[in-house]
Amino acid sequence: MPTSRNTAPKRPRLDWRFVKRFCRIVRVLFPSWCSQNVVIYGTLLGVTLLVQLVIYQVGLIPSQFYSVLSEKNYGKFKELVAFSVLLILLISALKSLEQYICNVLYISWRRCLTQRLHRDYFSRWVYYTLNVLHKDIDNPDQRMTQDAERLCKQLSTMASRLVISPFTISYYSYQCFNITGWIGFVSVLGYFLIGTVANKLLIGPVVSTLVEQEKLEGNLRFKHMQIRVNAESAAFYRAGKVEHMRTDHRLQSLLDTQRKLINWEFLLYLGVNTFDYMGSILSYIIIAIPIFAGVYDGLTPGEITALVSKNAFVCMYLINCFTQLIDLSTTVSDVAGYTHRIGELQEVMKDISRKQCDHDCSTAEMGNFDRERETLSTSSDAAIVLDKLSFTSPVYEDLLVKDLSLRVYEGTDLLVVGNTGAGKTSLLRVLNLLWEPCNGSVQMNTCFGPRGIMFLPQKPFLTDGTLREQVIFPLKDIYPVAGSVDDERILRYLELAGMSSLLKRTGGLDEKVDWNWYDVLSPGEMQRLCFARLFYLQPKYAVLDEATSALTEEAEEQMYRACKQLGMTLISLGHRSSLKQYHDIMLRLCGGGQWELTKLETR
Ligand SMILES: Nc1ncnc2c1ncn2[C@@H]1O[C@H](COP(=O)(O)OP(=O)(O)OP(=O)(O)O)[C@@H](O)[C@H]1O
């Protein structure tokens, strides 16, 4: 059952929670000390250090030119020009390499982060709980795709600057201290601290507005996705006008928030730019101190010019190191926003996964059908045992079913009937552990998958892929034997389900199709294709939730007879009275928690 949080969510900020979430993401990006990403990051550090070394040499060139030109030394001038050209070629090569390594790092980080999120998302049935029951976390899909991508991109752009900062700051601080004494060094440091505090104050609102903006961005995309998936139904309703209005409404909310964001960013940029330009003046003020104090009184004007040029470079570069850190404010605010969104998703998924594991750890590998081939149930006992089972829907307190006790045995087919909304499908959700019961217990003595129990949900699920992949779904590989024997089985069962024509449309079992299966198959064809799957997998127990609702009664008879011929025990949910003839007992859900069990005599 979903757990809605009672406390209002905290506004995302640059706080301790951000640090914890960021550290968790960093552990994913650098899984171990000898991981590939550490090697790439180390290489980046090496190349960036080299770049700094060359930059230092390039920075000293103007002062050397001043000296050489004031001495009118032609020989030295030629040497200096050649040296300068060499340095420039070297620095452009190194800077390109630095950018290239940052991009490699970005791809590697994205892979690590997204794969980890996918692992948590697809473990057990976290994706179901997250999308259907957990309404307090918006757009998980967007967090795993766009947000993760942007976080890695921003981090990779920061990477080289962050990696080098401790080195450049220490080196140029030392140089600045040597040249200007403690006054110069302390002034630069004080200047940086003021800039940091001012930026920290401005970043706060940017982070929370960015998180809100990403949520609305996801909502707008979801709306477009809804139209894309349901284009035909929308067209039948002539829904263009109303959906246009709703989509524009979402766009408007997004744009309002984006305007709020750019207003805050304007203040942030104002702070950053002021800091940048004030920094360049500060460097001359620092150099002026020893000059006016008379420290360089004994030097000629040419020597003073060369010295000022050299000292200005050192001071400016130190200030530049600090301003680069401050310039990162805008990137840091983006990183903080994405970190909060991804961190929140990770926490919620972990929480759901822990609860699902506590609920029933024995089903942890439920999706691993390959493993289940070996873990066949040999028990001759009931496959499903319900003992005084009671459950409600996640949003209402009213009981859908109260104290239901029932056993399902092999060979005894069960029909579940009841009014719309009586709780038939919900019973399957409880059997599948998707919903927690409020009372009683569910015991599944058979495994999920082929030779165990398979569910045909009310809405057919068609995966992307070839016709073969549709038929063998949810198996990843061909089962039980590969090659032509398997082809023969697939073709036989497609024919049995009345879907051989599909083979002509696709051009073969393994032909890649460029269409969306939902768009090209009619509801009846989708149901038939799901039966072809069932015939192919041949589970011992088949649970059919209104699986023939789009078929004629003759087609329904064909499908049911085929299931019986293949030795399946059926548990069907439906409204049609024609279904009774294929079952032995009938469970009627009467509403308000009431139910009755009757034996069917008509077979
Ligand atoms: N994810 C959900 N969150 C909240 N309520 C839900 C959810 N899914 C189903 N319900 C509610 O639970 C109740 C039982 O739904 P269920 O799908 O079991 O009905 P059903 O008997 O299968 O109906 P039908 O015959 O139309 O398929 C309904 O009132 C439904 O609105």
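Computed from heavy atoms alone, side chains included, the values below leave out hydrogens, waters and symmetry copies. Computed from a predicted structure; not experimentally measured. Numbering of ligands and ligand atoms starts at 1, following listing order.
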Enquirer: Side chains of Ser572 and Tyr560: closer than 4.5 Å at any heavy-atom pair?
Expert: yes
Enquirer: So which bit of Leu427 gets within less than 4.0 Å of ligand 1, heavy atoms only: side chain, backbone, both or neither?
Expert: neither
Enquirer: Judging by distance only, is a nitrogen or oxygen of Val395 under 3.5 angstrom from one on ligand 1?
Expert: no
Enquirer: If you measure only the distance, is there a donor-acceptor pair under 3.5 Å linking the side chains of Thr463 and Gln470?
Expert: no
Enquirer: Counting non-hydrogen protein atoms only, what is the nearest one to atom 10 (N) of ligand 1? Give residue, atom name and distance.
Expert: Trp435 CH2, 4.0 Å
Enquirer: Do Leu570 and Leu544 come within less than 4.5 Å of each other through their side chains, counting heavy atoms only?
Expert: yes
Enquirer: Is any N or O atom of Pro394, backbone or side chain, closer than 3.5 Å to an N or O atom of ligand 1?
Expert: no
Enquirer: Classify the side-chain pair Arg588/Gln594 by whether it contains a donor and acceptor separated by less than 3.5 Å.
Expert: no
Enquirer: Identify, by atom number and element, the atoms of ligand 1 in contact range of Asn419, meaning under 4.0 Å from any of its heavy atoms.
Expert: 21 (O)
Enquirer: Among all protein non-hydrogen atoms, which one is nearest to atom 22 (O) of ligand 1, and what is the separation to 0.1 Å?
Expert: Thr425 OG1, 2.7 Å
Enquirer: In the protein, which heavy atom is nearest to atom 16 (P) of ligand 1, and how far is it?
Expert: Ser426 OG, 3.5 Å
Enquirer: Contact between ligand 1 and Gly423 is defined here as a heavy atom of the residue under 4.0 Å from a ligand atom; is it met?
Expert: yes
Enquirer: Flag atom 30 (C) of ligand 1 as yes if some protein heavy-atom distance to it falls below 4.0 Å, otherwise no.
Expert: no
Enquirer: Is there a polar contact between ligand 1 and Tyr396, counting only N or O atoms under 3.5 Å apart?
Expert: no
Enquirer: Given 3.5 Å as the limit, does a donor-acceptor pair link the side chain of Asn139 with the main chain of Lys215, or not?
Expert: yes
Enquirer: Can you list the steps and then say if Tyr493 with Phe531 is a ring-ring contact (aromatic ring centres under 6.0 Å, His included)?
Expert: CA-CA 9 Å; Tyr493 293 131; Phe531 268 101; over 10 Å; no
Enquirer: Under 4.0 Å from a heavy atom of His575: give me the atoms of ligand 1 that qualify, with their elements.
Expert: 25 (O)
Enquirer: Hey, is ligand 1 close enough to Gln458 that some N/O pair sits below 3.5 Å?
Expert: yes
Enquirer: Under 3.5 Å, is there a donor-acceptor pair linking the side chains of Asn230 and Gln226?
Expert: no
Enquirer: Any chance the side chains of Gln146 and Arg221 put a donor and an acceptor closer than 3.5 Å?
Expert: yes
Enquirer: Around atom 9 (C) of ligand 1, find the nearest protein heavy atom and jot down its residue, atom name and distance.
Expert: Arg429 NH1, 3.4 Å
Enquirer: So, regarding Val132 and ligand 1 (criterion: nitrogen or oxygen to nitrogen or oxygen, under 3.5 Å), is there a contact or not?
Expert: no
Enquirer: Checking Glu511 against Thr466: is there a side-chain donor and acceptor pair closer than 3.5 Å?
Expert: no
Enquirer: Report yes if the side chains of Leu428 and Val416 come closer than 4.5 Å at any heavy-atom pair, otherwise no.
Expert: no
Enquirer: Please compare Gly421, Gly591, Ala422, Ser393 and report which has the shortest non-hydrogen distance to atom 12 (O) of ligand 1.
Expert: Ser393
Enquirer: Quick one: nearest non-hydrogen protein atom to atom 26 (O) of ligand 1, plus distance?
Expert: Thr420 CG2, 3.1 Å
Enquirer: Which residue holds the protein heavy atom closest to atom 24 (P) of ligand 1, what is that atom called, and what is the gap in Å?
Expert: Lys424 NZ, 3.7 Å
Enquirer: Taking Val520's backbone N and O only, do any of them form a donor-acceptor pair with Arg505's side chain (distance below 3.5 Å, no angle check)?
Expert: yes
